[in-house]
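Protein chains get the first letters and strands the later ones, always in sequence-line order, with residue 1 at the start of each.
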Protein chains: 2
Amino acid sequence: MSPRQGRQTPEADPPSAQPQRRATLKLVAESLGVSITTVSNAFSRPDQLSEALRERVLAEAARLGLSSPDAAARSLRLGRSASIGVMYTDRLSYAFSDPGAVLFLQGVSRVCEANGQQLVLIPSTSSADAAATAVGRSTIDGLIVYSVADDDPVLAAAIDRRMPLVLVDQPRIDSLPWIGVDDEKACRALAEHVVSLGHRRLAVIATEFDRDRAGGRATKARQEAITFSTTAARLRGYRAAVEKAGLSWQGVPVVEARENSEDNGYRLATALLRVKNRPTAILAMTDQLALGALRAAERRGFIVPDDVSIAGYDDIPAARVLTTVSQPHEEKGRRAAEQLLSLLAGRTSPPRHQELATTLRVRVTTGAPPRSE
Amino acid sequence: MSPRQGRQTPEADPPSAQPQRRATLKLVAESLGVSITTVSNAFSRPDQLSEALRERVLAEAARLGLSSPDAAARSLRLGRSASIGVMYTDRLSYAFSDPGAVLFLQGVSRVCEANGQQLVLIPSTSSADAAATAVGRSTIDGLIVYSVADDDPVLAAAIDRRMPLVLVDQPRIDSLPWIGVDDEKACRALAEHVVSLGHRRLAVIATEFDRDRAGGRATKARQEAITFSTTAARLRGYRAAVEKAGLSWQGVPVVEARENSEDNGYRLATALLRVKNRPTAILAMTDQLALGALRAAERRGFIVPDDVSIAGYDDIPAARVLTTVSQPHEEKGRRAAEQLLSLLAGRTSPPRHQELATTLRVRVTTGAPPRSE
DNA sequence: GTGAAAGCGCTAACAT
DNA sequence: ATGTTAGCGCTTTCAC
């Protein structure tokens, strides 16, 4: 038995004597014999009418099923919609399988609910047209662009639309607020740690290079054409450490995962570990890939870290054992939302480029390479 | 004076020659010397004009920074917004720390992106007024109500607004589409399994009872006033199994977690295991609570399942070892979104109450109780 | 304290 | 193939 059934009683909803006009301010006004303005004021400007009248209006509105003025009409008239959008790499649904993205969204939503803002998730599509449409068709006042390829048409569409924007995990653009971490520095520190343990043969499992996600072993040319800036930055970090140690970057296999998942890490690591002169350390660009690599190594009978060291990135809760880099996903989301809201409010913004700190977490999946090697 | 008064600050606009009119169809039309209709058609009805003209229009629109017709105006005119909302228990930001909810949202978003729909996450608040406002102020065509307390004002607001609705993990209402699982049956089967192993002293760690989340040990009276239907159903399931085995339900301590988190499970389980006549089996209503309980048991030096058995619910990836109940979170999300979209499209709906199957997963955290007991 | 009217930007009849 | 026009429902002057 439903608690709500009271509302479905015949009195509340008679067998449609009248054609059931949609509830609007006008309907309420007519039904009450007052003007539309008065009804509008009852909702939006309580000080403009007597308390008693306001009560009456609101009661009648509720009776007719109008809980508040129509949102679309209000947005049109006001030029604001009290909602902000978030645009994510490519398929939105992937965001929910990426722990970092989920934490980011949590941060954003926290600020939204504290400020009575709606949060609109904008689905992205492969086609440029459709992408522009997706942004254009959203009733939003501003947009957070999160981890989108540099050349993604959706980003271009958003900029074209001259919509207030905040960039996160994107290349910086001077005129736009930016939140992020120094991926390059963090990855260099991580790789330096690994190299300092004595490893000479490294391998990299990378996140997507570009919107094509070709996947697999990456030539030098492809490495230089990466359009996901985060991937590019992390790779530069690894490379800097490798070259600083006097090792050949050419000799480091770099494979691209088409999607950030444990299974992909497993598959790619399996291939990496199968070759004769296998790497003694694997640098994975996310913890999920690293967890897959861990599983692959163990499956092949290797002991981690004695036979092979593995490092990740993100410090997600599920990866307590991994040597990794910790970054404040949730805080990124909060800051991005705050920055956007303050931009929309026309407040003078705090420093527009906010770089957040990362921390290297050395744990049990990295150690010295095997003696024999 | 235009309603766009937001531009109050004169400095807001750079010292540009012309006052930088906002890009609209009208502006494009004037700039090109064609009618507004033509511009509108270029965007929305390509068959209504020559390809050449359409190209010209679109190019000019892009030049002026108009990527598509204004969303609010379009929604107002059309009466549709191409977006659907999701309403979640209480704080939206909690949803992102609940693995089941994240999977659910993933399912919803998958269907949204396949159908070019925006996904609006509606923040909820404690006050009834604010809640109604939140729903009312969203430009959405329909709403998925997911796991909200039976007496939540937001649910009432949505129903009042006569908005197309789909209920998920909620009490059924005859006239509304519903997606869910039989939590009671699943929990009964789970508890029967535990009881069949020989346990006589059980304890329950429950999810929230109501929007107050008092937390702690729950009297019989409080158990009967639960307004989160999922919690109530699971509890009924446990109880049925206990009573069927001839045990006293009164003797089973039931504690309420104020939030679904591992830490809460840890705390509550620690308290449960501290008493003299401690339970030999703990039934936790989610895997997260169960994982916390597992940690608590091990922390106290108990061997699981030899000293104490622990069962969860949900079968989340992080809980591979747990005896638990598997339920199709992502599919729930997909079905809910599909159902809502087909409702909005006016298509004849498939069976409106869809009950999805659950599976009991017996794994290593449950076993026979200790001999001595 | 209340009402009349203008118009936000758009789409769909109905012209032509 | 293109243009004219009437609202969609709302908020906000500006009168009273």
Length of the CD-P vector between A/Gln48 and D/dC14, whole Å = 14 Å

Round to the nearest Å and state the distance from A/Leu49 atom CG to D/dC16 atom P.
-> 22 Å

What are the two closest heavy atoms between A/Arg54 and A/Pro46, and how far apart are they?
-> NE-CB, 3.8 Å

Any B/Val168 side-chain heavy atom under 4.5 Å of B/Arg335 side chain | no

Search all heavy atoms of A/Gln339 against all heavy atoms of A/Pro177 and return the closest pair with its distance.
-> CG-CB, 3.6 Å

Whole-Å distance, B/Asp47 CG to D/dA1 C1', equals 11 Å

What nucleic acid atoms does B/Leu76 come within less than 4.0 Å of, heavy atoms only: base, sugar-phosphate, or nothing?
-> base

Remember a base hit wins even if backbone is also touched, and classify B/Ser75 as base, sugar-phosphate or nothing at under 4.0 Å, heavy atoms.
-> nothing

Classify the angle between the aromatic ring planes of A/Phe96 and B/Phe96 as parallel (below 30°), tilted (30 to 60°) or perpendicular (above 60°).
-> parallel

Base-contact (B) and sugar-phosphate-only (S) positions in nucleotides 11-16 of chain C, heavy-atom cut-off under 4.0 Å, - elsewhere = BB----

Under 4.0 angstrom between A/Arg22 side-chain N/O and D/dG9 OP1 or OP2 = yes

Length of the line joining B/Asp70:CG and C/dG7:C1', which is rounded to integer Å = 14 Å

Nearest heavy-atom neighbours spanning B/Ser81 and B/Thr139 | OG-O, 3.3 Å

5' priority, DNA chain D, between A/Thr24 and B/Ser35 [closest heavy atom] | B/Ser35

Heavy-atom check, side chain of A/Val39 versus side chain of A/Val34, under 4.5 Å = yes

